[in-house]
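Read through the structure below, which is laid out as structure tokens, and then see the notes.
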Amino acid sequence: MSETVKYLLDETHIPKYWYNLAADLPAAAPPVLHPGTMQPVGPDDLAPLFPMELIMQEVATEREIPIPEPVREVYRQWRPSPLFRARRLEKVLQTPAKIYYKYEGVSPAGSHKPNTAVPQAFYNKQAGVKRLVTETGAGQWGSSLAFAGALFGLEVKVFMVRVSYNQKPYRRALMETYGASCTPSPSNETQAGKAILAQRAEHPGSLGIAISEAVEIAAQRDDTKYALGSVLNHVLLHQTVVGQEAMAQMDMAGDYPDVIVGCTGGGSNFAGIVFPFLGAQLRGGKKVRIVAVEPAACPSLTRGQYAYDFGDTAHLTPLTKMHTLGSTFTPPGFHAGGLRYHGMAPLVSHIKQLGLIEAVAYHQTTCFDAGVMFARAEGILPAPEANHAVKGAIDEALKCKAEGKSRTILFNLCGHGHFDMQAYIDYFGGKLQDLEYDEAELAMALAGLPSVKAA
Ligand SMILES: *Cc1c(COP(=O)(O)O)cnc(C)c1O
């Protein structure tokens, strides 16, 4: 068999609907609560931040949500994305396992994020919105929304976590190329940012803080809405094009995964590849082991509490039940900036709680070891975030080797690392450290969780 094994679908296979896991879950996820009343939020509570179409998707229960034709039209630029069999990596590992990966780095921004940036920009434009404000960690989301904003004629303003802003100047340049503006967070442009800077002038920032700044700005003007690149149900929903295509491609390969691996920051690329397979399982299909891989320095699924918490540091958002490290927790400045979020998507947290998925945490050096091994075998250089999925998949393949068993492993290679070369330079220079989070800070952040009576 040839060493390059690629499964390509033609454009007619771009999914016509997004798959909604809520339709197949044995129990509904706990409701989102208003922090003032502690009652479930209604669509009107969210209307200052999001257009109604997205709010309705957030609470939708039907299984299939049609993808508007203008969105499919943009998807055609890079979708369906390729699925590869990692035969060279299998050889290097001398594993009996079969390893497949879905490659989302082929999008214009280089990751899975445009899958949701495009529909979010589309629905906002349709609702008459002029300007979108958002946050970004590593810059993947900021550049994806900047790209989508450029296509649909929307102004885009991005608050970028300061540590990443300094580490990744080319991501900022990409956002500016697409016409967006990019401000390091915490900033002096918002009350939330000023309050943080008053406590600590050199604050490295966090996604929680950047979200507060973006939400604060979005709430001030009628022509401005907020956009989030992960965590929320509608974002996870949009990413299901990944898993739907992967199902068709595994079918082409005459195979089906025994194990699916994805990295988890807020949970969206993981949900994208996993939910369609999990839905099939819940409807009586084959059972699949599902592994979420997170950074040991920001381990919400493996070390967090499953509790109601705010999505941001300044407590401007509603309360969602999720695995959380506490909304005031600031993770150390490791390189996978897209995985530095204190919480996990409520839907991903819920299926973890239901025992439908597993989670593991790895330090960054071992993930870069895996990413470099992958690049040398397969030629694609993964984003630092994606290295966590690569590491998870390699570990599963090595388990197969130790047990002398062949299993089919599928993982999501959610983005390339072409804008993350400083991280690789640091890795090769021996400067990459396995940062430990501050246990005392975690304890304090968890002690500060809002008290919500069990419903
Ligand atoms: C944003 C990002 C992540 C983390 O976000 P999820 O919502 O967990 O997917 C992971 N990988 C890449 C390449 C990203 O851009």
Side-chain angles (χ1 to χ4, degrees), residues 81 101-117 120 134-147 158 160-161 164 167-168 171 174-175 207 210-211 227-243 260-275 291-295 298-301 311 322-323 331 334-349 352 357 359 361-362 364 367 371 374 380-392 411-420 423:
S81 68
Y101 59 97
K102 179 77 167 157
Y103 184 43
E104 288 295 308
V106 293
S107 79
S111 75
H112 64 289
K113 296 258 175 35
N115 296 332
T116 183
Q120 288 194 46
T134 195
E135 73 294 322
T136 196
Q140 289 270 17
W141 170 242
S143 40
S144 300
L145 195 67
F147 154 68
V158 182
M160 184 168 186
V161 175
S164 295
Q167 280 171 348
K168 299 172 205 282
R171 273 284 166 200
L174 182 60
M175 290 179 233
L207 278 167
I211 293 172
L228 188 62
S230 184
V231 178
L232 297 177
N233 297 346
H234 68 265
V235 180
L236 275 50
L237 177 79
H238 298 157
Q239 293 296 348
T240 58
V241 290
V242 177
I260 306 177
V261 180
C263 70
T264 45
S268 73
N269 88 82
F270 173 82
I273 195 151
V274 161
F275 283 6
V291 184
V293 186
E294 62 181 9
C298 191
S300 54
L301 275 175
M322 59 182 175
H323 289 85
F334 57 91
H335 274 288
L339 306 183
R340 291 179 71 247
Y341 185 59
H342 67 273
M344 183 50 58
L347 262 180
V348 173
S349 295
K352 171 76 167 48
I357 63 169
Y362 293 114
Q364 64 177 351
C367 293
F374 180 84
I380 298 172
L381 180 110
E385 293 83 4
N387 281 343
H388 290 72
V390 175
K391 167 68 180 163
F411 77 94
N412 196 8
L413 189 65
C414 48
H416 68 63
H418 298 175
F419 289 89
D420 304 285

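Just so you know, ligand 1 is whichever comes first in the structure, and atom 1 is the first atom listed for that ligand. Please read these numbers as outputs of a predicted model, since none were measured by experiment.
- Listed by number with element, the atoms of ligand 1 under 4.0 angstrom from any heavy atom of T264 are 8 (O).
- For the residue pair L413 and P382, the shortest heavy atom distance occurs at CD1-CB, 3.8 Å.
- Annotation: G265 places an N or O atom under 3.5 Å from an N or O atom of ligand 1; distance criterion only.
- Looking at E385, K113, M344 and measuring to atom 1 (C) of ligand 1, the nearest heavy atom belongs to K113.
- Ligand 1 places these atoms under 4.0 Å from at least one heavy atom of G267: 6 (P), 7 (O), 8 (O).
- The shortest N or O to N or O distance between A386 and ligand 1 is not below 3.5 Å.
- The shortest side-chain heavy-atom distance between S300 and E294 falls under the 4.5 Å cut-off.
- Near L339, with a cut-off below 4.0 Å to any heavy atom, the atoms of ligand 1 are 4 (C).
- At a threshold of 4.5 Å between non-hydrogen side-chain atoms, the residues I273 and H112 do not count as touching.
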Should S349 and H323 be marked as a side chain to side chain donor-acceptor pair (under 3.5 Å) after you check the CA-CA gap, both sets of side-chain angles, and the distance that decides it? CA-CA 6 Å; S349 295; H323 289 85; 3.3 Å; yes

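- Contact atoms of ligand 1 toward S230: 6 (P), 7 (O) (distance under 4.0 Å to a heavy atom of the residue).
- Not a single heavy atom of Q239 sits less than 4.0 Å from an atom of ligand 1.
- Near G338, the atoms of ligand 1 lying under 4.0 angstrom from a non-hydrogen atom of the residue are 4 (C), 5 (O).
- At a 4.0 Å heavy-atom cut-off, ligand 1 touches N269 through backbone and side chain alike.
- Checking side-chain atoms of Q120 against main-chain N and O of L228 turns up a donor-acceptor pair under 3.5 Å.
- Contacts between E104 and ligand 1 below 4.0 angstrom, taking non-hydrogen atoms only, are absent altogether.
- Checked by atom type and distance alone, the side chain of E385 pairs as donor or acceptor with a backbone atom of G338 at under 3.5 Å.
- Taking both residues in full, the closest heavy atoms of F147 and P108 are given as CZ-CG, 3.6 Å, listed atom of the first, atom of the second, then distance.
- Considering only heavy atoms from C-beta on, P346 stays 4.5 Å or farther from L232 through its side chain.
- In summary, the atoms of ligand 1 found under 4.0 Å from a heavy atom of S268, numbered by their order in the structure, are 6 (P), 7 (O), 8 (O), 9 (O).
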